[in-house]
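Below, chains carry the letters A, B, ... as their sequence lines are ordered, and counting in each starts from 1.
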2 protein chains.
Amino acid sequence: MNTLAEENYLKSIYHLSLDTENVSTNQLAAFINTKASSVTDMLKKLAEKALINYTPYQGVNLTVAGEKIAVNIIRKHRLWEYFLVEKLDFKWDEVHEMAEEMEHISSNELIDRLDKFMGYPKHDPHGDPIPDCNGLFKIHNLKPLSAIAVNESGVICGVRDHSPAFLQYLEKQSLIIGKKITVAEIIEFDHSVVLQTTDKEIQISREVANNLLIAL
Amino acid sequence: MNTLAEENYLKSIYHLSLDTENVSTNQLAAFINTKASSVTDMLKKLAEKALINYTPYQGVNLTVAGEKIAVNIIRKHRLWEYFLVEKLDFKWDEVHEMAEEMEHISSNELIDRLDKFMGYPKHDPHGDPIPDCNGLFKIHNLKPLSAIAVNESGVICGVRDHSPAFLQYLEKQSLIIGKKITVAEIIEFDHSVVLQTTDKEIQISREVANNLLIAL
DNA sequence: GAATAAATTTAGACAAGGCTAAATTTATTA
DNA sequence: TAATAAATTTAGCCTTGTCTAAATTTATTC
């Protein structure tokens, strides 16, 4: 098995790989909140284990074996988040830290049974897809709200930022998963977005719009 | 917060303290499966943190602060075991290792909500009492079956050995928590015990009898 | 295309937790 | 009570994962 630190590196490389092909040492260091030199040490170790492809100075990406481990950790994370919200009544902004710990519980039998217990949910409380027991999941073709044109409509299906502050703000504005919205206007000056929802009109900043994921 | 290793030492000291007033270095080393010298190092660290009372060569016991932490870990362990058996349908011999990991999930809010979710159970699947959110629980006055006289009756309420092998054996013999038994005979030669249960007569070794806890 | 800047890696150190071997203390026994 | 045995602690070393500072490589710019 892998250490907790190794698992966190693999998971982080996976997340960063969604945006860039090769993940750089500095990117990882910033993401994990550590120093570039520490990252280099760990990359050597993971490369040694054949979990990443690593060429000095050229960044890294996951091998098939490494990706399998990363996806399994993400599966655990999202299933525990679902459990915490659906069974223990936590709010969607409260569960991330707890799930960060729980995702490292090793038993796969446990997580498969948890999955069954909850009825094989497809998405976590933030709209992120939950990989099945074979690591398979659909990657939605979601667009940030900031990329939606005026008069177009869509449904909120995910968030990019998972911080409690952001989630609490959305909650307050009733901008929750499943909400239908229409872009009424985009303010020229600062690219703020005016939304028409089922119950009211809301104006949000470009920053917020950029972190809301929409299905058309 | 305390490290995983520290938590395991505190928990172990707590368990061993149930039998002996002061726990010796060697006892701990054997229990934790490590070397006496490693134990000494950790004892110094825990004494430094005022979680144990430690006098070199004289063994240790928990301070009030240390006992509080230990009981909280045990609460978590037993609640997770209950969850695994009652909600995820694991068998009583399958849950110990998983709970060993889960007991270190830090959030107390989480464990309190889990407790509520399950209806505040009083005992784990092995009959051990579950401390409440204030760390309070009744210590049953249970006797090992080996200490019960011929013709006396009682109910199986706990086990001393939690190993899968022992639990599987009990399961096979239908010697489960809540079962009513009567001591029919004690074999003089090897102190084997002949039990009369509701459905049949069973003979068990002194070793087994010694690890079954009975309420009269 | 050299010179500077930015990114990355190497070198050397540290803390946690563990181990072996040696020294010391306590317990036991003749 | 002296001698031996058992238990415990100390000393010194190892691994993991981290850090700072220095060296090296890659990127950028004039």
Could you work out, with ring-ring contact (aromatic ring centres under 6.0 Å, His included) as the rule, every residue matching [X], not counting sequence neighbours?
X        : result
A:His15  : none
A:Tyr82  : none
A:His140 : A:His123

All side-chain hydrogen bond (donor to acceptor under 3.5 Å, both in side chains) counterparts of [X], not counting sequence neighbours:
X        : value
A:Asn26  : none
A:Glu109 : A:Arg113
B:Gln168 : B:Asp93

| query | Quick one, which residues of residues 2-27 of chain A touch DNA chain C with a heavy atom under 4.0 Å? | reply |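 When residues 2-27 of chain A is checked for heavy atoms under 4.0 Å from DNA chain C, the hits, listed by number, are A:Ser24, A:Thr25, A:Asn26.
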| request: Quick one, give me the B/S/- string for nucleotides 19-26 of chain D, reading 5' to 3', where B means a protein heavy atom under 4.0 Å from the base and S means that only happens at the primed atoms, P, OP1 or OP2. | output: BB---BSS
| query | With B:Thr20, which residues qualify under side-chain contact (heavy atoms from CB on, under 4.5 Å), at least two apart? | reply |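 Once residues adjacent in sequence are excluded, the partners of B:Thr20 under the side-chain contact (heavy atoms from CB on, under 4.5 Å) criterion are B:Val23, B:Gln27.
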| field | Length of the NZ-P vector between B:Lys44 and C:dA15, whole Å | value |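 Going from B:Lys44 (NZ) to C:dA15 (P), I get 16 Å.
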| request: Answer with yes or no whether the side chains of B:His77 and B:Asp124 bring together a donor and an acceptor at under 3.5 Å. | output: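 No, no side-chain donor-acceptor contact under 3.5 Å.
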